[in-house]
There are 2 protein chains.
Amino acid sequence: MSQLKPKQNKPSYHHGDLRSTLLNAANLLLKETGIEGLSLRKLADKVGVSRTAPYHHFKDKNQLLCAIAEQGFVQWQQDAANIFNQTGLSPKDKYRQFFHGYISYAADNPELYDLMFGRTIWKQNSATNELRNAAYPSFNHQVEMTKKWQSQGLMPKDENTLRLSQVTWGTMHGIARLLIDGIYADRSHIDEMCDCAVNLFTQQIIQNQEPN
Amino acid sequence: MSQLKPKQNKPSYHHGDLRSTLLNAANLLLKETGIEGLSLRKLADKVGVSRTAPYHHFKDKNQLLCAIAEQGFVQWQQDAANIFNQTGLSPKDKYRQFFHGYISYAADNPELYDLMFGRTIWKQNSATNELRNAAYPSFNHQVEMTKKWQSQGLMPKDENTLRLSQVTWGTMHGIARLLIDGIYADRSHIDEMCDCAVNLFTQQIIQNQEPN
DNA sequence: AAGCATATGTTGACGCTGTCAAGATATCAA
DNA sequence: TTGATATCTTGACAGCGTCAACATATGCTT
C-alpha cells in the first residue's frame with residue numbers, strides 16, 4: 001500500500017526516483033512471476049504510480065526489458081571476473097569453475113537468463129545500444145579466453161578459435177536452456193553434466209603448465 | 001476471401017475439416033510471422049471462421065500450440081530416421097550427418113523449433129499428453145544412440161551415458177538456439193561449427209569397426 | 001521574485017488479445 | 001420425426017501496450 005519514497009513521508013506528486021524503483025520492482029516481478037507475468041500495468045501498480053508513468057523513463061516495454069537484461073550482463077561479468085581472478089588454480093580447474101559458474105548463474109536466475117539470451121530481445125533486433133555495450137564484451141571475452149585455453153594446451157590448438165568458442169559456449173548455453181526450460185534435465189544433474197562437458201572439451205594430456 | 005472448403009462450393013454453416021485447416025494455417029502463420037504474430041483471432045480470420053470457432057477443436061491456445069509442436073516432432077523423427085537408415089557410412093560420418101541434420105532442421109524451421117523446445121510449452125508444464133508421447137521418444141532415442149556410439153568406440157566409454165547424451169544434445173540445442181535467436185552465430189558458420197563439435201565429441205582413435 | 005521551459009505525473013481512450021456465455025444451425029442416431 | 005450432439009455465431013469482459021491531452025512540480029533565466 002504505502003510505497004517507499006525518498007526524503008520525506010508526505011506523498012508528493014513526483015516520485016523522485018522512479019526509474020530505479022521500477023527497475024528493482026521489475027526484477028522482482030520477473031523473478032516471481034516470469035516474463036509472462038511482467039506487465040507494465042502490474043509493475044506501475046506495484047510501485048504505486050499510474051499506468052503510463054513508466055513511459056517517462058522507458059520509451060516502451062522493450063526498453064525496460066533491455067535495461068533489466070543489461071543489469072544481468074553486468075552482474076554476470078562480475079561473477080565471471082571473480083572466478084578468473086582466483087589464484088592457485090590449474091587452467092582446467094579454472095575452466096571447470098567457469099563452466100559450473102555459468103550454469104549456476106542461469107539456474108539461479110532463470111527468467112533473467114531467458115531475457116538476457118532469449119529471442120524476445122535478440123531475435124527481433126530490438127536490443128538497445130546500452131544493452132549491446134554490456135553484452136558484446138561478454139561474447140568477446142569468451143573468444144579471448146578460448147584462445148588462451150588453446151595456447152595453454154587445455155583445448156585443442158588445431159580448431160578454429162571462433163568456432164571452438166561458439167561450440168563451447170553453445171554447450172553451456174544449451175545445457176542452461178535445457179535446464180531452465182524444464183526439459184530433459186533438472187538441477188540434480190547439473191554438476192555431473194558440467195564435469196562431463198569439461199572432460200570432453202579439455203585434453204587429458206599435458207598438464208604441466210603453470211597456473212593462470 | 002473465399003476459403004477452401006471440402007466437397008462442394010456452396011458455403012455451408014459447418015466447415016467440415018476445420019481442425020486440420022486450422023493446423024495448416026497456423027503452421028503457415030507461425031512460419032511467416034513468428035510465435036508473436038500467431039493469434040487465434042488472426043488465425044480464425046485467415047481461415048474464414050469466427051473468433052471462437054477454433055475453441056470447438058482446441059481447448060485453448062496452448063492446445064493448438066502443442067498440436068503444432070507435435071507435428072514438428074513427428075516430422076523431425078522422420079528426418080532423423082532417414083539419416084540413421086543410410087547404409088555404407090562410418091559411425092562417425094553418420095553422427096556428423098545427424099548433427100548437421102539437427103541444426104539444419106532448427107535453422108530451416110526456427111519458429112517451429114522454438115515451439116517444440118521452448119519454455120512457452122515446457123516451462124509451465126502445459127504440454128499435452130499427445131505432445132509428450134511424440135516428444136519423449138525423441139529424447140530416449142538420443143540416449144540409446146549415445147549408448148551405441150559409446151559401444152562403437154566413437155564416444156568415450158567411461159562417461160555416464162545419460163550425462164553424455166545430455167551434454168551432446170545440449171550442445172546441438174545450444175548451437176541451434178544461438179542460431180535461431182540471432183545471437184553470436186549465423187548460418188554461414190553452421191557447417192564449421194558442427195564439424196568442430198563432432199571433432200570434440202568423437203574419439204580420434206580406433207576407427208576399425210564395421211559401419212552401422 | 002516572476003515567469004517560463006521542461007520533467008514528471010495523471011486520466012481517457014483505442015485496438016489488440018484470449019476466452020467465456022448464450023444462442024443458432026447442422027448432423028446423426030433412435 | 002425427434003431429440004441429442006457437434007459445430008459455428010455474436011456479445012461481452014478483463015488484461016495488455018501505448019498514444020493524446022492535461023496537471024503539477026522543478027529548475028533556469030531574467
Side-chain angles (χ1 to χ4, degrees), chain A residues 2-26 29-30 32-68 115 120-121 124 126 128, chain B residues 1-23 25-26 29-30 32-68 115 120-121 124 126 128:
Chain A
S2 72
Q3 255 64 35
L4 275 281
K5 306 257 174 76
K7 320 239 163 169
Q8 46 255 30
N9 272 353
K10 69 160 170 63
S12 67
Y13 190 81
H14 281 191
H15 183 283
D17 196 21
L18 187 52
R19 194 193 139 94
S20 69
T21 305
L22 282 170
L23 269 177
N24 289 339
L29 210 62
L30 182 69
E32 286 170 353
T33 69
I35 185 84
E36 305 87 16
L38 177 56
S39 82
L40 283 185
R41 296 172 100 112
K42 261 186 275 186
L43 180 60
D45 198 51
K46 192 158 227 169
V47 167
V49 293
S50 71
R51 341 171 217 115
T52 56
Y55 282 87
H56 290 275
H57 302 273
F58 303 96
K59 187 183 146 288
D60 52 19
K61 187 178 184 180
N62 177 65
Q63 284 223 353
L64 172 67
L65 296 181
C66 284
I68 300 172
L115 204 56
T120 311
I121 287 177
Q124 50 236 41
S126 61
T128 60
Chain B
M1 196 96 304
S2 72
Q3 254 64 32
L4 278 279
K5 308 255 173 74
K7 320 238 165 169
Q8 46 255 33
N9 272 353
K10 70 160 169 64
S12 66
Y13 190 81
H14 282 193
H15 183 284
D17 196 20
L18 187 52
R19 193 192 139 95
S20 68
T21 304
L22 283 171
L23 269 178
L29 211 63
L30 182 70
E32 286 170 354
T33 68
I35 184 86
E36 306 86 15
L38 177 57
S39 82
L40 283 185
R41 294 171 101 112
K42 262 187 275 186
L43 180 61
D45 200 51
K46 192 157 225 170
V47 167
V49 294
S50 72
R51 343 170 215 114
T52 55
Y55 282 87
H56 292 273
H57 302 272
F58 303 96
K59 188 182 144 288
D60 52 21
K61 187 178 184 180
N62 177 64
Q63 284 222 353
L64 172 67
L65 296 181
C66 284
I68 299 173
L115 204 56
T120 311
I121 286 176
Q124 49 237 39
S126 60
T128 60

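FYI, side chains are in, hydrogens and waters are out, and symmetry mates aren't considered; it's all heavy atoms of this structure. Order of the sequence lines sets the chain letters (A, B, ...), proteins ahead of strands, with each chain counted from 1.
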Whole-Å gap separating P (C/dT25) and CG (B/Leu18) = 19 Å
How many angstroms lie between CG in B/Leu115 and CD1 in B/Ile35, if you round to the nearest 0.5 Å?
-> 4.5 Å
Flag side-chain contact, heavy atom, 4.5 Å: A/Phe58 against A/Leu23 = yes
Starting at CG of B/Leu64 and ending at P of C/dT19, how long is that distance when rounded to a whole Å?
-> 10 Å
Within residues 54-62 of chain A, residues whose heavy atoms come under 4.0 Å of DNA chain C = A/His56, A/His57
Measure from CG on A/Leu43 to P on C/dG9 and round the result to the nearest Å.
-> 13 Å
Under 3.5 Å, is there a donor-acceptor pair between the A/Thr21 and A/Asn24 side chains?
-> no
Remember a base hit wins even if backbone is also touched, and classify B/Ser39 as base, sugar-phosphate or nothing at under 4.0 Å, heavy atoms.
-> sugar-phosphate
May I have the distance from A/Leu38 (atom CG) to D/dG15 (atom C1'), rounded to whole angstrom?
-> 14 Å
Are the side chain of A/Asp60 and the backbone N or O of A/Gln63 linked by a donor-acceptor pair below 3.5 Å?
-> yes
Under the side chain to side chain donor-acceptor pair (under 3.5 Å) rule, collect the residues that match up with A/Thr33, sequence neighbours excluded.
-> none
Mapping A/Arg41 and A/Ser50 onto DNA chain C by nearest heavy atom, which one lands closer to the 5' end?
-> A/Ser50
Below 3.5 Å, does any donor atom in the side chain of B/Arg51 face an acceptor in the base of C/dG18, or the other way round?
-> no
Measure the distance from CZ on B/Arg19 to P on D/dC8 and round it to the nearest whole Å.
-> 13 Å
When the distance from CD of A/Glu36 to P of D/dG17 is rounded to whole Å, what number comes out?
-> 13 Å
Which listed nucleotide (D/dG17, C/dA21, C/dT17) is nearest to the side chain of B/Lys42?
-> C/dT17
Whole-Å gap separating P (D/dG17) and CG (A/Leu40) | 5 Å
Round to the nearest Å and state the distance from A/Lys46 atom NZ to D/dG15 atom P.
-> 16 Å
So how far is it from A/Leu38 CG to A/Lys61 NZ, rounded to the nearest 0.5 Å?
-> 5.5 Å
Would you indicate whether the side-chain heavy atoms of A/Arg41 and A/Asp45 approach each other to under 4.5 Å?
-> no
